[in-house]
Amino acid sequence: MVKSIMIVGVGGQGTLLASRILGNTVIREGYDVKVSEVHGMSQRGGSVVTYVKYGDKVYSPTIDKGEADLILAFEILEAARALPYLKSNGTMIANTGQINPMPVITGAAEYPENLAGKLEKKTNLIKLDALSLAEKAGNIKTVNVVLIGVLAKNSEIPYEKWVETIKETVPEKFLDVNLKAFEIGYNV
Amino acid sequence: MKKLLLGNAAVARGAYEAGVRVVASYPGTPSTEITESIVEYPEIYAEWSPNEKVAAEVAIGASIAGARSMSCMKHVGLNVMADPVFTAAYTGVNAGLVFCVADDPGMHSSQNEQDSRHYARASKIPMLEPSDSSECKEFTKLAFDLSEKFDTPVFLRLSTRISHSQSLVELNEREHDELKPYEKNPAKYVMMPGNAIKRHVDVEKRLEALKEYSENAEINKAEINSEDIGVICGGTTYLYAHEALGESVSYFKIGMIYPFPDKAVIEFAKKHKKVFVIEELDPVIETQCRALGIDVIGKERFTLLGEYTPALIKKAVLGAEIPDDNCLEESLPARPPVMCAGCPHRGTFYVLKKLGLTVSGDIGCYTLGAVPPLSSLDTTICMGASVSAAHGMAKARGMEFNKKLVSVIGDSTFMHSGITGLTDIVYNKGANTVIILDNSITGMTGHQENPTTGYTIRGEETKQVNLIALCKSLGVEHVVVADPFDIKEFERVVKEETNREEPSVIIAQRPCALLKRVKYSGHCVIGENCKNCKMCMKLGCPAISVKDDKVVIDKTQCNGCGLCVNVCPFGAISKED
Ligand SMILES: Cc1ncc(C[n+]2csc(CCOP(=O)(O)OP(=O)(O)O)c2C)c(N)n1
């Protein structure tokens with residue numbers, strides 16, 4: 001069995017760190033794993049997608065439509081964009097925060113209304129305002145770790161394994177605030 | 001110990017274990033992290049060279065001098081370095097020499113989708129292609145062994161999904177750290193006709209030997225699961241095909257694309273009723289199979305464009321339908337990449353757009369000056385073309401056109417291949433205005449140092465190219481430095497310089513907003529006296545948008561760079577802590 005997780009967001013939001021924390025946590029459980037990242041042009045404020053797959057043996061690092069067990073979305077429009085990739089019984093975790101893409105800013109397109117409501121009708125949605133939770137943790141830059149916390153809660157991987165990875169990944173200086181952010185996310 | 005590594009980091013690890021001593025590269029997605037990872041190994045000399053041609057030559061020289069060496073580049077970088085590479089095929093090597101090239105099917109971050117596998121045959125250099133990080137490391141080591149065994153440079157070909165996917169890699173020790181003796185050998189290394197004619201004979205002999213090797217190489221391997229369907233694939237498509245078709249078909253995994261294992265593939269094909277060739281981009285394997293008389297199914301079922309997926313393969317091989325999407329009824333606005341908040345290029349393009357100039361563009365973060373609302377660029381071809389193509393435009397259309405024409409080129413790109421174009425303008429009596437967008441870093445590829453920044457790849461201080469003195473020494477008499485955030489002055493300078501009937505250079509100087517030392521603070525706010533003229537909206541700043549027909553600045557996006565403060569005609573925007 002291979003588990004497929006997709007992390008989507010906007011370039012610059014820290015999705016890469018999230019996928020690396022996830023990847024390094026699942027290897028603690030002895031799984032084979034592949035993490036497919038996005039670097040370069042699209043990181044400049046564009047839609048970014050990373051895939052994490054783990055199981056006994058993983059071949060393709062990418063995930064096809066209808067194949068993701070779980071999608072972690074850092075932004076709600078990106079959640080909607082990723083919906084076709086979710087399995088019919090999959091779970092979507094979405095930050096309700098909204099970042100306007102350039103076509104919306106220039107007036108060429110409109111930001112769709114009530115995306116969370118619409119997604120709820122189509123899927124098993126866990127929504128949260130990760131920015132305010134990150135503020136509560138003490139640093140708005142911990143949005144990604146708050147979201148990792150929610151993901152952890154919805155995975156079968158034990159709590160301590162996540163904490164071990166965070167301790168190894170995050171610089172000493174920022175460790176406390178990140179652990180707090182993880183905790184808050186875990187308890188959403 | 002097993003570690004989760006990017007394909008690129010695994011190549012670096014392989015090079016380290018293989019005893020590499022010199023790595024010279026020019027950045028380019030998706031290859032950049034190979035050389036960045038090399039920096040983790042203090043034993044290895046690493047550099048960012050000014051361009052790929054220089055990088056390849058550094059590696060070739062180091063190999064001749066006895067050190068295992070490597071040069072890494074993106075696919076289009078291989079075009080730039082093709083000249084020395086084709087002749088290095090003739091000289092062969094002293095210590096192992098590997099050129100690692102990363103293609104970008106799907107063009108995640110590139111201006112074309114070329115298939116670099118063609119280079120192997122064209123240059124007569126063997127090429128290996130790994131499928132995951134573990135193979136990235138092993139194939140890199142093998143490439144160095146083959147290089148020395150057969151006295152040839154070796155290509156390692158990657159693609160975006162291999163370079164930028166992490167998978168598990170077993171780490172080993174550095175195995176080999178020898179500096180081979182250097183001996184003068186003009187017959188081998190001085191490629192003038194008399195010598196090169198003889199070396200060409202050796203090249204053809206070597207290819208025969210390599211062909212023999214390829215036939216029996218472990219990295220070209222058959223996995224027989226079925227008598228019905230056989231799939232010939234390699235690199236990414238081995239993974240996608242396995243995911244899609246599992247054990248229901250047989251596989252021939254091509255690890256060495258060139259020379260091709262002809263006999264082994266003919267044998268494999270004989271064992272199956274139907275044979276598919278699955279490869280992204282061009283029909284390289286397919287053409288070879290057809291030349292061998294093998295009846296294969298290839299590009300008549302598979303696209304020449306973009307990346308493949310397991311679903312696409314399932315459909316083409318098994319006829320499996322791709323299920324309907326579960327999606328929202330409405331169409332969603334796209335999210336193309338944008339210049340960051342605080343990007344210095346924004347000021348430049350705001351002015352160029354305002355003046356309605358023709359902009360001969362180039363490659364870097366500033367290529368984003370092509371998208372609305374800045375919509376300034378007229379062309380983008382390849383690195384350096386902004387300067388030389390503008391010279392051609394001016395020669396084609398004359399002085400009046402020239403006065404409404406500028407080139408824009410980043411600092412790294414100017415050092416890469418803008419200097420020769422500027423030389424051409426001066427030499428051939430052009431009168432172009434070239435704007436060097438000096439943001440003190442190679443931005444697009446993720447912040448690499450370059451000859452204008454004053455630091456090496458390891459962050460050590462070094463001499464910094466003086467752009468003013470450089471341009472003047474080429475014969476450009478009018479070289480002006482201007483701050484693109486000082487909109488009024490910048491506009492004045494652009495008007496003055498484009499009006500001249502002589503070559504001129506404007507150095508638009510302001511560092512990238514993402515550099516650690518750049519400390520914008522606070523954020524901008526819109527005051528009561530906003531007339532809603534939407535002038536600031538023309539900046540295309542991701543922090544400024546319209547809500548309920550009022551302009552608003554998003555605090556979480558704004559970094560307080562203050563460009564909008566300078567643009568507002570009513571002084572309605574101010575900075576707050
Ligand atoms: C021949 C070639 N090599 C490398 C690249 C990858 N690449 C694209 S733009 C760029 C450099 C951009 O740096 P700079 O000119 O300083 O502009 P910035 O992105 O900082 O604005 C590189 C290395 C390429 N497109 N073509």
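In what follows, chains carry the letters A, B, and so on, assigned in the order in which the sequence lines appear, proteins first and then strands, with residues in each chain numbered from 1. The basis for the numbers below is simple: all heavy atoms, side chains too, and nothing from hydrogens, waters or symmetry mates.
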Heavy-atom side-chain proximity of [X] to [Y] below 4.5 angstrom:
X	Y	result
A/Lys34	B/Asp132	yes
A/Ile99	B/Arg335	yes
A/Asp64	B/Pro310	yes
B/Asn326	A/Leu83	yes
B/Pro333	A/Pro112	yes
B/Leu328	A/Leu115	yes

Report summary line: From the list B/Thr236, B/Thr309, B/Leu312, the residue making the most non-hydrogen contacts under 4.5 Å with chain A is B/Thr309
Query raised in the report: Which one of B/Cys340, B/Ala334, B/Gly446, B/Pro542 has the most heavy-atom pairs closer than 4.5 Å to chain A?
Result: B/Ala334
What part of [X] gets within 4.5 angstrom of chain B, counting heavy atoms only: side chain, backbone, both, or neither?
X	answer
A/Lys118	both
A/Tyr51	side chain
A/Val33	both

Report task. Can you label the angle between the A/Tyr59 ring and the B/Tyr238 ring as parallel, tilted or perpendicular, going by 30° and 60°? Result -> perpendicular
Query raised in the report: So among B/Pro337, B/Pro373, B/Pro372, which one has a side chain to side chain contact (heavy atoms under 4.5 Å, CB included) with A/Met102?
Result: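 It is B/Pro373, the one option of B/Pro337, B/Pro373, B/Pro372 that forms the side chain to side chain contact (heavy atoms under 4.5 Å, CB included) with A/Met102.
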**Report entry** Between CD1 on residue B/Ile544 and CG on residue A/Asn100, distance to nearest 0.5 Å
**Finding:**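 Nearest 0.5 Å value for the CD1-CG distance: 12.5 Å.
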Region of [X] that comes under 4.5 Å of a non-hydrogen atom in chain A:
X	value
B/Glu307	neither
B/Cys541	backbone
B/Ser133	neither
B/Leu6	side chain

Report task. Just do the side chain to side chain donor-acceptor pair (under 3.5 Å) check on B/Arg161 and A/Thr62 with the steps written out, would you? Result -> CA-CA 8 Å; B/Arg161 290 293 170 193; A/Thr62 57; 5.7 Å; no
Query raised in the report: Which of residues 20-27 of chain A have a heavy atom under 4.5 Å from any heavy atom of chain B?
Result: A/Arg20, A/Gly23, A/Asn24, A/Ile27
Report task. Using heavy atoms and a sub-4.5 Å threshold, report which of residues 68-80 of chain A line up against chain B, by residue number. Result ->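 Within residues 68-80 of chain A, the residues under 4.5 Å from chain B are A/Glu75, A/Leu77, A/Glu78, A/Ala80.
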Report summary line: Heavy-atom closest pair (A/Ile105 atom, B/Ser545 atom, distance to 0.1 Å) is CG1-CB, 4.0 Å
Requested in this report: Can you see which heavy atom on A/Gly45 is nearest to which on B/Val338, and at what distance?
Outcome: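 Looks like CA-CG2, 4.2 Å.
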Query - Heavy-atom neighbours of B/Lys253 NZ exceed 12 at 6.0 Å - result: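 Atom NZ in B/Lys253 is crowded, with more than 12 foreign heavy atoms closer than 6.0 Å.
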Requested in this report: State which residues pass salt bridge (Lys or Arg N to Asp or Glu O under 4.0 Å) with B/Glu329; sequence neighbours excluded, sorted by chain then number.
Outcome: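 Counting only residues at least two positions away or on another chain, B/Glu329 forms a salt bridge (Lys or Arg N to Asp or Glu O under 4.0 Å) with A/Lys122.
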Query - Ion pair check, B/Glu243 and A/Lys53, cut-off under 4.0 Å - result: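 Looking at A/Lys53 together with B/Glu243, the answer is yes, because their closest N to O distance falls below 4.0 Å.
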Ignoring hydrogens and angles, write down the donor-acceptor pairs under 3.5 Å from the side chains of residues 152-159 of chain A, residues two or more places apart or on other chains.
from     : atom 1 : to       : atom 2 : distance (Å)
A/Asn154 : ND2    : A/Val150 : O      : 2.8
A/Ser155 : OG     : A/Ala152 : O      : 2.9
A/Ser155 : OG     : A/Ile157 : N      : 3.2
A/Glu156 : OE2    : A/Tyr54  : OH     : 3.2
A/Tyr159 : OH     : A/Glu183 : OE1    : 2.4

